[in-house]
Protein chains: 2
Amino acid sequence: MLQPLSNCAIIGAMTGTPRQRARAQAIEDIKRIAKEQLAREGSAALSLRAIARELGIVSSAVYRYVPSRDDLLTMLIVDAYNSLGDAVEAAEGACARDDLRGRWLALGSTARAWAVERPSEYALIYGSPVPGYQAPVEQTGDPGTRVSFLLLALLVDVERRRPPSAPLSGPLGEDLAALRDTLGLEIGDDLLARGYLAFTAMFGLISFEVFGQYRGSFTDCAAHFEHQLGRLADLLGI
Amino acid sequence: MLQPLSNCAIIGAMTGTPRQRARAQAIEDIKRIAKEQLAREGSAALSLRAIARELGIVSSAVYRYVPSRDDLLTMLIVDAYNSLGDAVEAAEGACARDDLRGRWLALGSTARAWAVERPSEYALIYGSPVPGYQAPVEQTGDPGTRVSFLLLALLVDVERRRPPSAPLSGPLGEDLAALRDTLGLEIGDDLLARGYLAFTAMFGLISFEVFGQYRGSFTDCAAHFEHQLGRLADLLGI
DNA sequence: AACAAAAGAGAGCATCGCTCTTGCCAGGAC
DNA sequence: GTCCTGGCAAGAGCGATGCTCTCTTTTGTT
């Protein structure tokens, strides 16, 4: 299980020499303003010059703290992954471990609430990739898998309660077997496939809502989401 | 049912005065190069100056044909919606009308194939909105609903074969009733909700694949997609 | 107090979207 | 056939971007 890493920046700001503290604080300020800009203007309009203006310094000074605009975006993506991971882990961890359905519902509801509250940050990690920019996996890798690992852990607990199912044949069966190997988790093909579908459908629901694809079909998106989350729980057999 | 409108540009290029033909051809050239740029660089890197360079004209000349970069984006979005609509309508229309499952599978497979072939155009319509730009609904409205209308028509045929289900209560029930009213379609609450889930899950699956969220979990994404499409057909009871 | 490292300032380069003015040139009216 | 007007391209220019370079100032450390 992954550790909550998102507060390491705060820890960093409290330790070290005054120079290091000031530097960490400056980076935090830059990221804070960047997130505000992101929420106002969108990811492509993220401007280091505008950040510098708002910070009251000249644009070239920002480069003392951030190597480039793309690196700043990567930092924000990592932050977003960790923020989402923190929220979902906390909510899921508050459930009784044997309350499988409750854990799934908590996971989903919290992810949706997080996304609806920060649509711009959600778009950063689950939207179409920012053009001309591919987030480096070595940076985003671990934080980017926290939610999926949470679901996988849930699936392991589900599997324990269910009779073992026959493995799937064909190319999908081979892929699932390979996944089982690399992850080292005991989840049958059937449940693993159902889990993938539930996970993808859940983020599909969130994306449709956040990105405005419903075009106002629902006045109460939360009710719709909860309803569908229940259906997905049924699909998982919990 | 909506007409296939996407070839009106070609019709426009064949008719009218030489002036109008040349103008329509120029706009087509601009859009073609824009799509190539989109595929290479991404939507935010879409540059009118680069288009002008590739076209061998000066940047200001492009503004004779395209009012602004945002308007060009809107044109591309409408084109993408229509291209996807054409493909899906053709594939679904080739199925026997009473082959409900076949129609659903054709709809989904074709949508996925279209998206995998043109990830940049898919991102344009189903990705996170291009920053600082909201596609005007009056332009994208009709083409943007073609696929959903196809699914709704399918759901109507499904409903005819199924025993009527009890309406849902609560806010979701009210939303679904309002949808039934405005659309004028006879689809029960239960099936309508299932249809929404299936639709959203399908595009969630496509988005996860196209946007690289699976991080290489599947060597055969098509097999995985077909498998899940079958599960969603089961969910629809077809 | 002196030093060195870090931070900031400013100029500059290439790019972008977009506007304006200036010519040019061909299609349509006569 | 000629004339003229409307559409078209060119070019300069404005404000903005990311990023680099150099120079100066600040500041923590010794």
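Each chain gets a letter, A, B and so on, in the order its sequence line appears, and its residues count up from 1. Just the heavy atoms: all of them, side chains too, but no hydrogens, waters or symmetry mates, feed the values below. From a predicted model like this one, the values you see are computed outputs, not experimental measurements.
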> OP1, OP2 of C/dA7 versus side-chain N and O of A/R23: anything below 4.0 Å?
Replying inline: yes

> Who are the ring pair (Phe, Tyr, Trp, His ring centres under 6.0 Å) partners of B/Y122, not counting sequence neighbours?
Replying inline: B/Y126, B/F211

> Do A/D71 and A/S68 have side-chain N/O donor and acceptor atoms under 3.5 Å apart?
Replying inline: yes

> Heavy atoms under 4.0 Å, any strand shown: does B/I51 hit a base, just sugar-phosphate, or nothing?
Replying inline: nothing

> Partners of A/R194 by side chain to side chain donor-acceptor pair (under 3.5 Å), sequence neighbours excluded?
Replying inline: A/D190

>> Under 4.0 Å, heavy atoms only, any strand: does A/L55 hit a base, just the sugar-phosphate, or nothing?
In response: nothing

>> Going by salt bridge (charged side-chain N to carboxylate O under 4.0 Å, His left out), name the residues that satisfy it together with A/D220, two or more places apart in sequence or in a different chain.
In response: none

> Under 4.5 Å between any side-chain heavy atoms of B/L205 and A/L197, yes or no?
Replying inline: yes

> What integer distance in Å separates A/L73:CG from D/dC19:P?
Replying inline: 10 Å

>> Taking the ring centre of each residue, are B/F218 and A/Y196 less than 6.0 Å apart?
In response: yes

>> Ignoring hydrogens and geometry beyond distance, is the side chain of A/R49 in donor-acceptor contact with the base of D/dG18 at under 3.5 Å?
In response: yes

> Can you tell which of D/dC19, C/dG17, D/dA9 lies closest to the side chain of A/L48?
Replying inline: D/dC19

> For the pair made of CZ in B/R53 and P in D/dA9, what is the distance, rounded to whole Å?
Replying inline: 17 Å

All N/O pairs under 3.5 Å across the protein-nucleotides 25-27 of chain D interface:
residue: D/dT27; atom: O2; partner: A/R19; partner atom: NH2; Å: 3.3

>> I'd like to check the ring pair (Phe, Tyr, Trp, His ring centres under 6.0 Å) partners of A/Y81; sequence neighbours left out, ordered by chain and number.
In response: none

> Of all of residues 56-64 of chain B, which get a heavy atom below 4.0 angstrom from DNA chain C, listed by number?
Replying inline: B/S59, B/S60, B/Y63

> Roughly how many Å is it from CD1 in A/I27 to P in C/dA7, rounded to a whole number?
Replying inline: 9 Å

>> Run the side-chain contact (heavy atoms from CB on, under 4.5 Å) test against B/T219 and tell me which residues pass, sequence neighbours left out.
In response: A/D175

>> If the helix axis at each end comes from five base pairs, how far does the helix from C/dA1-D/dT30 to C/dC30-D/dG1 deviate from straight, to 10°?
In response: 10°

>> The criterion is side chain to side chain donor-acceptor pair (under 3.5 Å); which residues satisfy it with B/R40, sequence neighbours excluded?
In response: none

> Which side-chain hydrogen bond (donor to acceptor under 3.5 Å, both in side chains) pairs, counting each pair once, include a residue from residues 105-121 of chain A, with sequence neighbours left out?
Replying inline: A/S83-A/W114, A/S109-A/E226, A/R112-A/E209

>> Using whole Å, what does the distance between atom P of nucleotide C/dG17 and atom CD1 of B/I30 come to?
In response: 13 Å

>> I need the CG-C1' distance between B/D70 and C/dG17, as an integer number of Å.
In response: 10 Å

Using a 3.5 Å cut-off and no angle test, enumerate the donor-acceptor pairs between side-chain atoms of residues 147-154 of chain B and protein atoms at least two apart in sequence or in another chain.
residue: B/S148; atom: OG; partner: B/T145; partner atom: O; Å: 3.2

> Taking atom P of D/dG6 as reference, at what distance in whole Å does atom CD of B/Q20 sit?
Replying inline: 15 Å

>> Just the rounded figure in Å: distance from C1' of D/dA16 to CD of A/E54.
In response: 17 Å

>> What is the distance, to the nearest angstrom, from the CD atom on A/Q37 to the C1' atom on D/dA16?
In response: 13 Å

Pair up each side-chain donor or acceptor in residues 47-67 of chain A with any protein partner under 3.5 Å, not counting sequence neighbours, and list the distances.
residue: A/S47; atom: OG; partner: A/R49; partner atom: N; Å: 3.2
residue: A/S47; atom: OG; partner: A/A50; partner atom: N; Å: 2.9

